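Everything below concerns the one structure shown next.
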Protein chains: 2
Amino acid sequence: MAADPLSRVFSALADPTRRDMVARLAVGDATVNELAEPYDVTVQAVSKHLRVLEDAGLVSRTREAQRRPVHLEAKVFDLMTKWIERYQRQAEERYRRLDDLLRSMPDEREPSPRAEPPETPTPETPAPETPAPETGALR
Amino acid sequence: MAADPLSRVFSALADPTRRDMVARLAVGDATVNELAEPYDVTVQAVSKHLRVLEDAGLVSRTREAQRRPVHLEAKVFDLMTKWIERYQRQAEERYRRLDDLLRSMPDEREPSPRAEPPETPTPETPAPETPAPETGALR
DNA sequence: GCCGTTGTCAACCAAACGGTTGAACAAGGG
DNA sequence: CCCTTGTTCAACCGTTTGGTTGACAACGGC
């Protein structure tokens with residue numbers, strides 16, 4: 001079972017059935033049987049999927065008589081969006097910088113449209129991962 | 001190999017090593033060997049990871065002599081953020097509606113903090129998946 | 001022209017995944 | 001009190017995944 005939370009969330013949403021269940025749960029809480037109804041898999045399989053979603057923190061279950069209503073825990077999404085936005089922004093920023101550079105020295109034999117940011121030709125950059133945020137990433 | 005693009009992207013980012021490589025590539029393009037250097041796995045393993053990222057559309061490789069510079073294709077992130085935001089919004093909206101309802105009829109024996117949206121008690125909702133966007137999603 | 005560098009392909013392996021069936025557990029309702 | 005309903009646990013099975021080693025293709029430098 002993937003140790004770090006971010007991996008768990010991404011991994012949980014990597015399955016179309018599970019994404020589908022999240023979509024259903026965004027409409028409202030549901031029981032396991034209700035969730036299983038649209039699919040031609042057994043209830044046990046759905047239960048397993050829910051466990052994955054629960055481990056990822058995307059879903060919570062409360063007991064209510066013999067039923068176990070499943071509830072979408074939407075705030076976990078933030079984990080992903082934060083991660084994604086960081087690198088999206090960073091990539092855009094880099095592109096902008098490169099663009100500026102190419103514009104500022106237009107005679108230099110340009111190294112091809114997509115290249116390293118010149119001030120960091122290809123050095124170590126041993127810890128590219130964001131210092132804290134990423135889980136155990138960097139292993 | 002996961003058929004739908006969204007699954008491929010989520011799945012590609014479900015691995016910490018691959019997320020790490022994306023983080024590295026946000027800084028600037030890199031060759032396979034450069035990417036492999038921080039890890040104690042073989043170059044072949046890194047090559048495999050890159051293939052996964054490439055299949056997900058997160059990365060592109062161009063030939064440059066015997067080197068194969070890897071480039072981050074940041075716009076694929078939009079696929080995920082769009083999906084996530086939809087359900088995040090939907091869940092918030094639902095919560096707001098439920099909240100309003102509870103406030104508007106304060107005497108009714110409340111069914112417990114988290115429950116179905118009353119106007120949709122637990123009907124079929126046979127196709128919870130977003131009609132178009134999902135799996136065939138944007139594709 | 002060969003050699004070293006860079007990267008991929010192929011075959012293999014252990015572990016994880018998504019699914020199944022069958023049994024068990026939990027809580028009401030007759 | 002048993003029986004039905006709802007859900008999970010356990011064992012098993014085929015496929016996928018992340019990793020390995022070994023061979024080989026492509027190219028540039030000397």
Side-chain angles (χ1 to χ4, degrees), chain A residues 1-4 7-22 25 29-56 58-71 111-112 116 122 135-139, chain B residues 1-4 7-22 25 29-56 58-71 111-112 116 122 135:
Chain A
M1 199 165 293
D4 63 296
S7 293
R8 279 200 292 264
V9 180
F10 276 120
S11 176
L13 294 180
D15 184 291
T17 304
R18 275 185 311 249
R19 280 200 308 281
D20 208 43
M21 292 196 282
V22 168
L25 289 169
D29 296 3
T31 68
V32 177
N33 273 306
E34 283 161 11
L35 285 169
E37 191 264 333
Y39 312 101
D40 58 352
V41 297
T42 61
V43 181
Q44 288 94 319
V46 171
S47 187
K48 275 193 184 181
H49 279 306
L50 285 174
R51 199 156 137 57
V52 173
L53 290 171
E54 191 176 26
D55 287 346
L58 279 161
V59 132
S60 65
R61 280 124 127 194
T62 56
R63 188 159 268 290
E64 180 187 291
Q66 65 273 63
R67 239 156 279 114
R68 305 286 315 269
V70 181
H71 175 76
S112 106
E116 314 277 331
T122 305
T135 337
L138 295 197
R139 188 173 33 89
Chain B
M1 198 165 290
D4 64 296
S7 292
R8 280 200 290 263
V9 180
F10 276 119
S11 177
L13 294 179
D15 184 290
T17 303
R18 275 185 311 249
R19 280 201 307 281
D20 207 43
M21 292 195 282
V22 167
L25 288 169
D29 295 3
T31 68
V32 177
N33 272 305
E34 284 161 12
L35 284 168
E37 191 264 333
Y39 313 100
D40 57 351
V41 298
T42 61
V43 182
Q44 289 94 317
V46 171
S47 188
K48 277 194 183 182
H49 279 306
L50 285 174
R51 199 156 137 58
V52 174
L53 289 171
E54 191 176 25
D55 287 347
L58 280 161
V59 132
S60 64
R61 282 124 127 195
T62 57
R63 187 158 268 290
E64 180 186 290
Q66 65 273 62
R67 241 155 278 111
R68 306 286 314 271
V70 181
H71 175 75
S112 106
E116 313 278 330
T122 305
T135 353

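Convention: sequence-line order gives letters A, B, ...; per-chain numbering from 1. Just so it is clear, the values below take in all heavy atoms, side chains as well, and ignore hydrogens, waters and symmetry mates. No experiment lies behind these values; they were computed from the predicted model shown.
- Remark: B/V46 engages B/M21, B/V32, B/L35, B/A36, B/V41, B/L50 in a side chain to side chain contact (heavy atoms under 4.5 Å, CB included) (not counting sequence neighbours).
- When all heavy atoms are compared, the tightest approach of A/D4 to B/P16 is OD1-CG, 4.0 Å.
- For B/E54, the side chain to side chain donor-acceptor pair (under 3.5 Å) partners at least two apart in sequence or on another chain are B/R61.
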Please enumerate all protein N or O atoms sitting under 3.5 Å from an N or O of nucleotides 27-30 of chain D, with distances to 0.1 Å.
{"residue": "D/dG28", "atom": "O4'", "partner": "B/Q66", "partner atom": "NE2", "Å": "3.4"}

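- Atom CE in B/M21 sits about 13 Å away from atom C1' in D/dG19, given to the nearest Å.
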Can A/E64 and A/D29 be said to form a side chain to side chain contact (heavy atoms under 4.5 Å, CB included), step by step?
CA-CA 12 Å; A/E64 180 187 291; A/D29 296 3; over 6 Å; no
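- The interatomic distance linking B/R68 (CZ) with C/dC9 (P) rounds to 9 Å, in whole Å.
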Base contacts versus sugar-phosphate-only contacts with protein, heavy atoms under 4.0 Å: please encode nucleotides 19-25 of chain C as B, S and - from 5' to 3'.
BBBB---
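- Closest approach of B/L25 to B/V70, counting heavy atoms only: CD2-O, 3.5 Å.
- The overall bend of the helix from C/dG1-D/dC30 to C/dG30-D/dC1, read as the angle between its terminal helix axes built from five base pairs each, is 10° when rounded to 10 degrees.
- When the P atom of C/dG28 is taken as reference, atom CD of A/E64 falls 10 Å away, rounded to whole Å.
- When all heavy atoms of A/R63 and A/A65 are compared, the closest pair comes out as NH1-O, 3.1 Å.
- The interatomic distance linking A/L50 (CG) with D/dG6 (P) rounds to 16 Å, in whole Å.
- In this structure, A/R18 reaches the C/dG18 phosphate: one of its side-chain N or O atoms is under 4.0 Å from OP1 or OP2.
- Nucleotide D/dG19 holds its C1' atom 16 Å from the CZ atom of B/R51, rounded to whole Å.
- Shown here are the side chain to side chain donor-acceptor pair (under 3.5 Å) partners of B/Q44, two or more places apart in sequence or in another chain: there are none.
- When the side-chain nitrogen and oxygen atoms of B/S47 are compared with OP1 and OP2 of C/dT8, one or more of them lie within a distance under 4.0 Å.
- Between the CG atom of B/D55 and the P atom of D/dT16 there is a distance of 14 Å, rounded to whole Å.
- Taking CZ of A/R68 as the reference point, atom OG1 of A/T62 lies at 7.5 Å (rounded to 0.5 Å).
- Between B/R61 and the phosphate of C/dG7, there is no side-chain N or O to OP1/OP2 separation shorter than 4.0 Å.
- Shown here are the side chain to side chain donor-acceptor pair (under 3.5 Å) partners of A/R18, two or more places apart in sequence or in another chain: A/H49.
- Look at B/N33 and you'll find a side-chain N or O under 4.0 angstrom from OP1 or OP2 of C/dG7.
- What you find for B/T17 and B/D15 is that their closest heavy atoms are N-OD1, 2.7 Å.
- Spacing between atom CD of A/E34 and atom P of D/dG6 amounts to 9 Å, rounded to whole angstrom units.
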For A/L58 and A/L13, run side chain to side chain contact (heavy atoms under 4.5 Å, CB included): C-alpha distance rounded to whole Å, both residues' side-chain angles, the deciding distance at 0.1 Å, then the answer.
CA-CA 9 Å; A/L58 279 161; A/L13 294 180; 3.9 Å; yes
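- With rounding to whole Å, B/L53 atom CG is found 16 Å from C/dG7 atom P.
- In this structure, the side chain to side chain contact (heavy atoms under 4.5 Å, CB included) partners of A/A14, at least two apart in sequence or on a different chain, are B/F10, B/S11.
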